[in-house]
Number of protein chains: 2
Amino acid sequence: MNDAPFDDGGPKSRRRSVSGPTSADVARLAGVSRSTVSRTFTPGASIDPVTAARVRAAAEELRYSVDPLARSLISRRSDTVGLVMGGLENPFYPAVAAGFMERLQQRDLRVMCHVAADIEAVADGVRAMLRYRVDALIVTASGMSNAAVDDCRRAGVTVIFFNRAVTLSAASSVQTDNVAGGRAVADHLAACGYARPAYVAGLANASTNRDRQAGFTDRLAERRLPAPRVESGGYTYEGGCDAATRLLRTKPRPDAIFCANDIMAMGVLDTLRHAHGLSVPDDMAVVGFDDVPMAGWPSFDLTTVRQRRNRMIEVTLDLLDDLRGDAEAPPVHRLIPGRLILRSSTRSP
Amino acid sequence: MNDAPFDDGGPKSRRRSVSGPTSADVARLAGVSRSTVSRTFTPGASIDPVTAARVRAAAEELRYSVDPLARSLISRRSDTVGLVMGGLENPFYPAVAAGFMERLQQRDLRVMCHVAADIEAVADGVRAMLRYRVDALIVTASGMSNAAVDDCRRAGVTVIFFNRAVTLSAASSVQTDNVAGGRAVADHLAACGYARPAYVAGLANASTNRDRQAGFTDRLAERRLPAPRVESGGYTYEGGCDAATRLLRTKPRPDAIFCANDIMAMGVLDTLRHAHGLSVPDDMAVVGFDDVPMAGWPSFDLTTVRQRRNRMIEVTLDLLDDLRGDAEAPPVHRLIPGRLILRSSTRSP
DNA sequence: GTGAAAGCGCTAACAT
DNA sequence: ATGTTAGCGCTTTCAC
């Protein structure tokens, strides 16, 4: 054993806290300068491969890894991505969140999460994350003020909206072609012979809701069908239940209900069947949007517009790679087509 | 306008990057030292209220806020909590995650998230988070190696398992009393006159699953009922469907199925009703665990054991407050009672 | 390609 | 209660 009996640390050993070895330790062991160690762990730096190998070996031996906080302090990036979500009640969003996390983790990026119900809370979360120097921000929350987007651009942080339209702001977006989705539903209902459509809306100011409604309504008009009766369901199951009840009281009673998401559609279905004893699709058709896994369960077997979730996530991350660190880059907008999935909550054409 | 025509920054102005004002700027404006500024923004520091007010005013004017990364570098805490999750398919977990995030945000703590399917991935995520100096770790993933827990203790990071039993490790835990939950189900089924119980298991090595099964089985034995036939459902809907099909082939056929979570119970229900035309609860009783919102929907109306989610979250955060920064503190284990919710998937007693 | 020196923005130790 | 000094661990000029 190699004792060092008098090693009380010397004069400057102010009992270094529990943290691990530093680049200085590695430099000493490898016989190079600290800069060289740093360069070894900086992707595109120019360095002699042999030296690099020696440094890596030393790092391995000491079980050294770069302190990301110290690195961030000077390099002004953090290898961290912020994920701002509006809520996780609709199962579409946890699936999206998990998809992002898995893929970001694979790229060795950390994920900082925030849930925010309203536009104010979104701004707060964004600002908090900017202070932590996130490299980029993915926003699935429904609203974000232009002021907050500006803060991001000023900080050099690219923002991508996931399933949110972006008007006049500097942010990019990736979303399902919600208008086309709404149109497809109108076409399908028309083809099946339904004649009195209704629409159960999500949140009034969510672009997803507006686009789905616009596509649906426009296409109905093009096919000379009446404008749909509209009730709000607030994107929740209970909201769908209530909307269904209200729709049943209207005259003439609708014969087909398109809901802005699957959860509301399930509320509608349950209410029609269990509270009013109606048969779907014979008495009434019900269509949703998202194609969450539950939509395919036999209890619902819901006709719906599938969002290509994984594709949307991939596209978002590709965009992130392109845009990261270049806050001046012009915003990019990508529309991913959805797909109408026919099930038994609508008649066959 | 107050021009400063020759202010090219002077010799040392190496064009400071886009970041905002620093504590030095505030110190200058307020006429105090940087330490005083720092103390103003450090909760329990001793400082003259009048001075503090002046500093705050200066900070406000410059729109200054502490750089958390620089602070972390020296203070060795980050005001960030790590949340390690096993997956978000079971809607119980997104709800838990959202609950934690909302409350942590209120305390002005950031949340770093990680999803990890297996014990290896959990360890990787934990280690990555430790490098980012998270102050504490909340783990809802099903497994974590003792080595990873040790890493945390060495780093001074308290770990709390949420709904996971902890054996022989230094971590604390908060969980539903799963054993009691299983026992309550056995009592209820016995009281309703069911005589041939079955159990659909979750993941074999999850403590939630083991405890629920143990409580159920033990209580059945105490009541002189046969040991339940066991089929695995892997905590998924599809797993529940398959398990139901297998159970229907066994002789004697079970008349009551207790599932380790609601999602599997819904798979069982759907399969019994739609694939086999059976009636629940007349031909067969089905019981779940969790009481996710869907369990109350009329399509399922599932008898289940409710987990007091919000209570569990509060308890976890209280524990966090007590334990944070004190990695030597002995681990604490809290058991929260569940509650059997009676619905129509079981007969009345 | 490599090293020396300067400092990112902050807080902790020590002195007063 | 406040100021001074040192330094967290790293990357980045700037020389060579």
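Sequence lines set the chain letters: A, B, ... in the order given, protein chains first and strands last, and positions in each chain run from 1. Owing to the predicted nature of the structure, the values given are computational and were not obtained by experimental measurement.
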**OP:** For A/Ser72, answer base if it contacts any base atom (sugar-phosphate contacts may also be present), sugar-phosphate if it contacts only those atoms, and nothing otherwise; contact means non-hydrogen atoms under 4.0 Å.
**Re:** nothing
**OP:** For A/Asp25 and D/dC10, give me the distance from atom CG to atom C1', rounded to whole Å.
**Re:** 13 Å
Original post:
Between CZ of B/Arg56 and OG1 of B/Thr51, what distance do you get to the nearest 0.5 Å?
Top reply: 11.5 Å
**OP:** Decide yes or no, distance alone: a donor-acceptor N/O pair under 3.5 angstrom between the base of D/dT4 and the side-chain of B/Ser35.
**Re:** yes
**OP:** Provide, to the nearest angstrom, the distance between the CZ atom belonging to B/Arg28 and the P atom belonging to C/dG9.
**Re:** 12 Å
Original post:
Given C/dG9, is OP1 or OP2 found less than 4.0 Å from the side-chain N or O atoms of A/Arg76?
Top reply: yes
Original post:
Checking only heavy atoms, does the side chain of B/Thr36 share a donor-acceptor pair with the base of D/dA1 at less than 3.5 Å?
Top reply: no
**OP:** Decide yes or no on side chain to side chain donor-acceptor pair (under 3.5 Å) for A/Ser38 and A/Ser35, but give the supporting numbers first.
**Re:** CA-CA 5 Å; A/Ser38 171; A/Ser35 333; over 6 Å; no
**OP:** Assign A/Leu73 to base, sugar-phosphate, or nothing according to its heavy-atom contacts below 4.0 angstrom with the strands shown.
**Re:** base
**OP:** Starting from P on C/dG3, measure out to CG on A/Asp48 and report it in whole angstrom.
**Re:** 11 Å
**OP:** Using whole Å, report how far CZ of B/Arg39 lies from C1' of C/dA13.
**Re:** 11 Å
Subject >> Contact nearer the 5' end of DNA chain C, comparing A/Arg34 with A/Ile47 >> reply: A/Ile47
**OP:** Could you tell me whether B/Val32 contacts a base, only the sugar-phosphate backbone, or nothing, with contacts defined as non-hydrogen atoms closer than 4.0 Å?
**Re:** sugar-phosphate
Subject >> Straight-line distance of A/Ser172 OG to A/Leu319 CG, nearest 0.5 Å >> reply: 5.0 Å
**OP:** Please report, rounded to the nearest Å, how far the P atom of D/dG9 is from the CZ atom of B/Arg71.
**Re:** 18 Å
Original post:
Mind checking whether B/Tyr93 and B/Phe162 have ring centres under 6.0 Å apart?
Top reply: no
Original post:
When you match B/Ala70 and A/Ser75 each to their closest nucleotide on DNA chain D, which lands nearer the 5' end?
Top reply: B/Ala70
**OP:** Name the closest nucleotide to the A/Ser33 side chain, picking from D/dC10, C/dG3, C/dT11.
**Re:** C/dG3
Subject >> Length of the line joining B/Asp79:CG and C/dC10:C1', which is rounded to integer Å >> reply: 14 Å
Subject >> Atom-pair distance (CZ on A/Arg133; C1' on D/dC10), nearest Å >> reply: 14 Å
Subject >> B/Asn163 vs B/Arg309, side chain to side chain donor-acceptor pair (under 3.5 Å): CA-CA, chis, key distance, verdict >> reply: CA-CA 10 Å; B/Asn163 234 1; B/Arg309 179 162 46 75; over 6 Å; no
Original post:
With respect to the phosphate group of C/dT2, does any side-chain polar atom (N or O) of A/Thr51 fall under 4.0 Å of OP1 or OP2?
Top reply: yes
Original post:
Base, sugar-phosphate, or nothing: which does B/Phe41 touch, judged by heavy atoms less than 4.0 Å apart?
Top reply: nothing
Original post:
Which part of the nucleic acid does A/Val66 contact within heavy-atom distance under 4.0 Å: base, sugar-phosphate only, or nothing?
Top reply: sugar-phosphate
Subject >> Phosphate contact (C/dG9 OP1 or OP2) by B/Thr22 side-chain N/O below 4.0 Å >> reply: no
Subject >> For atom CG of B/Asp67 and atom P of C/dG9, their distance in whole Å >> reply: 7 Å
Subject >> Inter-residue atom distance B/Arg71.CZ - B/Arg77.CZ, 0.5 Å rounding >> reply: 5.5 Å
Subject >> Contact under 4.0 Å: B/Ser23 side-chain N or O vs C/dC10 OP1/OP2 >> reply: yes
